[in-house]
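In what follows, chains are A, B, ... by sequence order, proteins preceding strands, each numbered from 1.
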There are 2 protein chains.
Amino acid sequence: MRVITLLLAEDQVMVREALAALLGLEPDLAVVAQVGRGDEVVAAVAAHQPDVALLDIEMPGLSGLDALEGLRAAHPALKVVILTTFGRPGYLRRAMESGADAFLVKDAPAAQLADAVRRVLAGERVIDPGLAAAALAQGASPLTDRERDVLAAARAGAGNAEIAAALHLSHGTVRNYLSTAIQKTGARNRAEAVRIARDKGWL
Amino acid sequence: MRVITLLLAEDQVMVREALAALLGLEPDLAVVAQVGRGDEVVAAVAAHQPDVALLDIEMPGLSGLDALEGLRAAHPALKVVILTTFGRPGYLRRAMESGADAFLVKDAPAAQLADAVRRVLAGERVIDPGLAAAALAQGASPLTDRERDVLAAARAGAGNAEIAAALHLSHGTVRNYLSTAIQKTGARNRAEAVRIARDKGWL
DNA sequence: GGGTGCATGTGACATCTGTCAGCTTCGGTT
DNA sequence: AACCGAAGCTGACAGATGTCACATGCACCC
């Protein structure tokens, strides 16, 4: 029997080692490399040549989605499973566009993880069905690129002047974008707009 | 050899089962119950009588810290290990005040988990050393009860009028509390104050 | 009994935010 | 050529927000 080799990228050490223990229980799977930062993924894949990479999204250095884009060109045969805490439809959409082979949330039963690894190696695409439905129902973001930029800049609590300086825009333009973003999200102020956009995966 | 029985409370199924797999590798530990919601903890402890309860903080229904307070009175012999994603000093302080026996973050090496379980049963208190230092350095929240209430109400993006209605306060009083909270956190507006207070565990 | 701190309120003020109307320029589409 | 949507800007206006000074009442502590 051929053993499937895995790379595991997840920033929380205890969770990462626990997932490794879980996968280690499967006789046909072997975790051959572990990293805790997104910007270490590409080098680790090059060094260990795993069959499948399991990537968390939220990681320091580089997100799992950004790492995925860096991998696709150099390693076309590598299968990539995105594993994340947040089942945001926006994440799913972006992961699929970037060429992920599977998308799982940490809320799913553990058995799905090993199952997904085997299925992507068989050439299947594996997506949480409930999440796929939500992504379709929600549709694409109604925000233009600049509206998203401005909302993202407002996330940390910056005022209009700071946002304008950061994005090299005029004071009034920032307010206009924020105003349209607030209307498109159905919010009543910037803070609520940020929360809604984040929840829907538009940010 | 006496086997130590464990209850595992963690909302993300995959993480929970992975931790169970990890703990299952230790011959002297046995996970006898798993729950995914904070409000199921007390009943599960009563039903299974574990030696140690491992509680995540962020859970639906009831937080691990609230569950801990509910456990202390009814089960004085039970040892409780708080295991959380966020090493917020405020969490640590509250956990210790509520009588937790150990406080671990998911960033720590997995080996610390089994180690902590054995040590709390031996009567020790186990606290991540770096976190304890941060908690002492940061000290208690400078916010008064009402300032905290108002900041918490502002979290979702509510305006002054809504906050005033929700807390049965006058319009101006809300602004006064918000103003002092903004100054105490060193923020420049309510959104930033919310973020800072949340990060420091004051909310 | 006086001091201190918190909860709560008022009024005034300056600034920030959100909305609106309207302008230009640029790259596509029809 | 005419049109459209997005990026980008301005000016005006109302309402929200943040700050300050200054009250009152209550509890607690020396």
[X] side-chain N/O to [Y] backbone N/O, donor-acceptor pair under 3.5 Å:
| X | Y | value |
| --- | --- | --- |
| R72(A) | G99(A) | yes |
| R198(B) | A193(B) | no |
| R195(A) | A187(A) | no |

[N] [atom2] sits how many Å from [X] [atom1], rounded?
| X | N | atom1 | atom2 | value |
| --- | --- | --- | --- | --- |
| Y177(A) | dG5(D) | OH | P | 15 Å |
| I163(A) | dT17(C) | CD1 | C1' | 11 Å |
| L143(B) | dG5(C) | CG | P | 17 Å |
| D145(B) | dG5(C) | CG | P | 16 Å |
| N160(B) | dT17(C) | CG | C1' | 13 Å |
| L178(A) | dA16(D) | CG | P | 17 Å |

[X] bridged to [Y] by N-O distance under 4.0 Å:
| X | Y | value |
| --- | --- | --- |
| R2(A) | D51(A) | yes |
| K106(A) | E10(A) | yes |
| R118(B) | D28(B) | yes |

query: Which one, dA6(D), dT19(D), dG18(C), comes nearest to the side chain of S179(A)?
result: dG18(C)
query: Which ones in residues 167-175 of chain B lie close to DNA chain D, meaning a heavy atom under 4.0 Å from one of its atoms?
result: R175(B)
- prompt: Can you find a side-chain donor-acceptor pair between D66(B) and S63(B) that sits under 3.5 Å?
  reply: yes
- request: Verify whether one side chain among N189(A) and R190(B) offers a donor that lies under 3.5 Å from an acceptor in the other.
  value: no
- line: Within residues 181-193 of chain B, the residues having a heavy atom closer than 4.0 Å to DNA chain C are none
- prompt: Does any N or O donor sit under 3.5 Å from an N or O acceptor when you compare the side chain of N176(A) with the base of dC20(C)?
  reply: yes
- prompt: Relative to the 5' end of DNA chain C, which residue comes earlier, A158(A) or R146(B), by the nucleotide with the nearest heavy atom?
  reply: R146(B)
task: Report yes if a side-chain nitrogen or oxygen of T144(B) is closer than 4.0 Å to either non-bridging phosphate oxygen (OP1 or OP2) of dA7(C); otherwise report no.
output: yes
message: Please check if the number of heavy atoms outside R125(B) that lie under 6.0 Å from its CZ is greater than 12.
response: yes
